[in-house]
Amino acid sequence: MAFDNISSIDTLSSKIGQSASIAGWVYNSRSSGKIQFIVIRDGTGLCQCVAEKGRLPDELFEQIKHLGQESSLAVTGDLRADERSPGGVELAITDAQIIHPTADYPITPKSHGIDFLLRHRHLHLRSRRQWAINRVRHTVIDAVRRFFNDNGFTLIDTPIITPVAGEEAASLFELDYYGQAMHLTQTGQLYLEAAALSHGKVYCFGPTFRAEKSKTRRHLTEFWMVEPEVAFTDLPGLLELSENFVWRIVADVLEKNRAELEILEADIEVLEKIKPPFYRLTYTEAVDILTGDKAQQFLAEQLARLNSRKDQVEKKITELEAQQSQSMKKWKADKIAAELIELRGELAELEQKIENNPVHAKLAAEFQWGKDLGGSDETIISSMHDKPVFITHYPRQAKAFYMKKCPENEQVVENFDLIAPAGFGEIIGGSMREDDYETLLERINEHSLNPDNYSWYLDLRKYGSVPHGGFGLGIERTVAWLTGERHIRQCIPFPRMLDKVYI
RNA sequence: UCCCCGAUAGCUCAAUUGGUAGAGCGAGCGGCUGUUAACCGCUAGGUUGUAGGUUCGAGUCCUACUCGGGGAGCCA
């Protein structure tokens, strides 16, 4: 069989009534004596293929019957519309070529633990959920590039190997560069500022590395970040740029990946509401919310909801366990056992949240003006809103040396974070940059940094300095937010995590 | 670095008070012409993470370690 007559599955619905060939892998198969159903995936979709005894050679029928999951094959047959097929189109097999029969595929159609799946990441990428997430990721990245390219930005690639830290954080991966200590980049920003004074509007997009000891669902040691930098702008201008940018990403994903979002059970209705203007809070206002009655009340309500759900789940578990002790049909007993496993999982998760709730409430209530907002604080603010929230004007002492002091209040800087709604948390961090030579030098000294390491960066303030600023958006966090995936390790094909690289 | 939880068949999980380690999926064989994580029957599959301890007896209790998950701090 030549492959030049192969149709991709996503084009089959326009060919109903015709004969077609597809090539792919066995996603699932069921046999029923003289009729077999094989669901084939080809990277563009799923197609249920039917082998009916008599319509194809007996020998082939037997071969197909014994095909394991993920066997590769090409099949030819007649296309017909059928509601019972997953894609609405069904292929009645008349011929097939088995390309590579597979036995003992490790990832079965039943559930698996995360450790097992990550050890089999090379195969896990074929699963429906991972497939859908990676398609959304593709759209997000495409939207990012299109947005900037369509709006007069020039792509500037910044180095991955850098001699100095972008921010003073010590948690960088160190590299032996011909005997000299270098680091893997944690931001392209400083270089981008140089480029912005050449092109006006620039962006960089690439992998970023952080050696922080953060073991949470929001952290990876290697992740992708896009960073625009704009000359002649101000903080309101940056906020407007960010919200239009995020809006475009959401709109593109909604337009191009509706099917994927449905597979992922993402909340499409909520995403459709994501339109500018986003909410704007200052850091001080955010602190007032956190330490005020509103947040405490919100958390108390959340706790009540969690507890009532916990009671429901516990009651259900007790009921099912009681049923289990009675005699019953085997299939029913199995169903109850499966349900129990799921409920116990949910119960464990609820208990964790119930345990964390008062801790988060305490952290929020006792929050002191001047600290950076913690993960749980962001989650609270995030959960209280249905659209992304900007938080601006953080205390100077909590932020990086290059952020521009606010002219009206020198205790704060002109920066912002964008918090995704519904509890996901920060997806963007950005600021206006200090553009005055003397002030920047002061700030470098304040942070006990060596000015010699920043001489070229300081130079930018000596020759035609202008007000400028930019931000960074984390791709994996954005994908996690849009897809409803709770952990960002699922939002990059091959995740690198604290102390853990599987493949 | 700290706190909590866990480790039982290839995978997901059971195992009552400390008393003969089970089920489903997956694999193999058989049956079934409309299945949707199909179903039904049969078969194979185990050093209960490692090391020690308590006990007549340990998957279950104790100690240490290893690995994994979640969270805090820190950070994007």
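Chain naming here is simple, since letters A, B, ... match the order of the sequence lines and numbering starts at 1 in each. Because the structure is predicted, anything quoted here is derived from the model rather than measured.
With hydrogens and angles left out, the side chain of A:Q36 and the base of B:rU33 share no donor-acceptor pair within 3.5 Å. For A:S31 against B:rC32, a side-chain N or O and a base N or O form a donor-acceptor pair under 3.5 Å. In the interface, the side chain of A:R80 is paired with the base of B:rG34 through a donor and an acceptor atom under 3.5 Å apart.
B:rG73 atom P lies 12 Å from atom NZ of A:K362, rounded to whole Å. Separating the CD1 atom of A:I419 from the P atom of B:rA76 is a distance of 12 Å, rounded to the nearest angstrom. Computed from coordinates, the A:Y402 OH to B:rA76 P distance equals 7 Å when rounded to whole Å. The interatomic distance linking A:L118 (CG) with B:rC67 (C1') rounds to 14 Å, in whole Å. A:L123 has its CG atom 14 Å from the C1' atom of B:rG10, to the nearest Å. At whole-Å resolution of the value, CD1 in A:I35 and P in B:rU35 are 9 Å apart. Distance, A:D377 CG to B:rA76 P: 15 Å, rounded to whole Å. Summarising the geometry, the separation between CG on A:L117 and P on B:rG69 is reported as 12 Å, rounded to the nearest angstrom.
Counting only heavy atoms from C-beta on, A:F37 has its side chain closest to B:rU35 among B:rU35, B:rA76, B:rG71. Distance from the side chain of A:F223 is smallest to B:rA76 among B:rU35, B:rU33, B:rA76. The nucleotide whose nearest atom lies closest to any side-chain atom of A:T108 is, among B:rG10, B:rG34, B:rA72, B:rG10. Among B:rG69, B:rU33, B:rA76, the nucleotide with an atom closest to any side-chain atom of A:H219 is B:rA76. Of all nucleotides listed (B:rU35, B:rG73, B:rA76), B:rU35 comes nearest to the side chain of A:R30. When distances are taken from the side chain of A:I114 to each of B:rG26, B:rG69, B:rU33, the shortest belongs to B:rG69. Residue A:R477 has its side chain nearest to B:rA76 when only B:rG68, B:rG34, B:rA76 are considered. Closest approach to the A:E90 side chain among B:rU35, B:rG26, B:rA72 is made by B:rU35 (side chain taken as heavy atoms from C-beta onward).
Nucleic acid contact class of A:N28 (heavy atoms, under 4.0 Å, all strands): sugar-phosphate only. Counting any heavy atom pair closer than 4.0 Å across all strands shown, A:H66 reaches sugar-phosphate atoms only and no base atom. Contact annotation for A:L473: no contact, since no heavy-atom pair falls under 4.0 Å across all strands. A:F116 comes within 4.0 angstrom of the backbone, heavy atoms only, and of no base. The residue A:Y502 sits close only to the backbone: its heavy atoms come under 4.0 Å of sugar-phosphate atoms, none of a base. Within 4.0 Å of A:Q69, counting heavy atoms only, lies no atom of the nucleic acid at all. Backbone-only contact: A:L363 has heavy atoms under 4.0 Å from sugar-phosphate atoms and none from a base.
From A:Q48, atom CD reaches atom OG of A:S29 across 11.0 Å, with rounding to the nearest 0.5 Å.
Distance check on atom C1': B:rU8 versus B:rC13 gives 9 Å, rounded to whole Å. Comparing B:rC3 with B:rG49, their C1' atoms are spaced 23 Å from each other, to the whole Å. B:rU48 and B:rA15 are spaced 11 Å apart, taking the C1' atom of each and rounding to whole Å. Between B:rC11 and B:rU50, the distance separating the two P atoms is 15 Å to the nearest Å. For B:rA9 and B:rA27, the C1' atoms lie 12 Å apart once the distance is rounded to whole Å. Only the P atoms considered, B:rA58 is 32 Å distant from B:rG69, to the nearest whole Å. When the C1' atom is compared between B:rG26 and B:rG34, the two are found 24 Å apart, to the nearest whole Å. Here, B:rA44 and B:rU35 have their C1' atoms 27 Å apart, quoted to the whole Å.
Between A:R84 and A:E90, none of the side-chain N atoms (NZ, or NE/NH1/NH2) sits under 4.0 Å from a carboxylate O, so this pair counts as no salt bridge. A:E70 and A:R126 are joined by a salt bridge, as a carboxylate oxygen and a charged side-chain nitrogen come within less than 4.0 angstrom of each other. A salt bridge between A:R137 and A:E476 is present, with a side-chain N of the basic residue lying under 4.0 Å from a carboxylate O of the acidic one. A salt bridge links A:R280 with A:E243: at least one charged nitrogen is closer than 4.0 Å to a carboxylate oxygen.
For A:W369 and A:Y283, the ring centers are positioned less than 6.0 Å apart. Between A:Y454 and A:F401, the ring centre distance stays below 6.0 Å. Aromatic rings from A:F148 and A:F245 are positioned such that their centres are separated by under 6.0 Å.
At B:rG70, one or more side-chain N or O atoms of A:R489 fall inside 4.0 Å of OP1 or OP2 (strictly under the cut-off). For A:H487, a side-chain nitrogen or oxygen approaches OP1 or OP2 of B:rG70 to under 4.0 Å. Taking only side-chain nitrogens and oxygens, A:R217 comes nearer than 4.0 Å to OP1 or OP2 of B:rG71.
Residues A:C49 and A:V75 come closest through the heavy atom pair SG-CG2, 4.0 Å.
Mapping A:P86 and A:H112 onto RNA chain B by nearest heavy atom places A:H112 at the nucleotide closer to the 5' end. Judged by closest nucleotide on RNA chain B, A:G68 is the one of A:G375 and A:G68 placed further toward the 5' end.
Base pairing in RNA chain B yields stems of at least 3 consecutive Watson-Crick or G-U pairs, both distances under 3.5 Å, namely B:1-7 with B:66-72, B:10-13 with B:22-25, B:27-31 with B:39-43, B:49-53 with B:61-65.
Applying side-chain hydrogen bond (donor to acceptor under 3.5 Å, both in side chains) to A:R433 and the options A:H468, A:E229, A:E414 leaves one that passes, A:E229.
Of the possible polar contacts, none joining the A:E260 side chain to the A:I133 backbone as a donor-acceptor pair under 3.5 Å is found.
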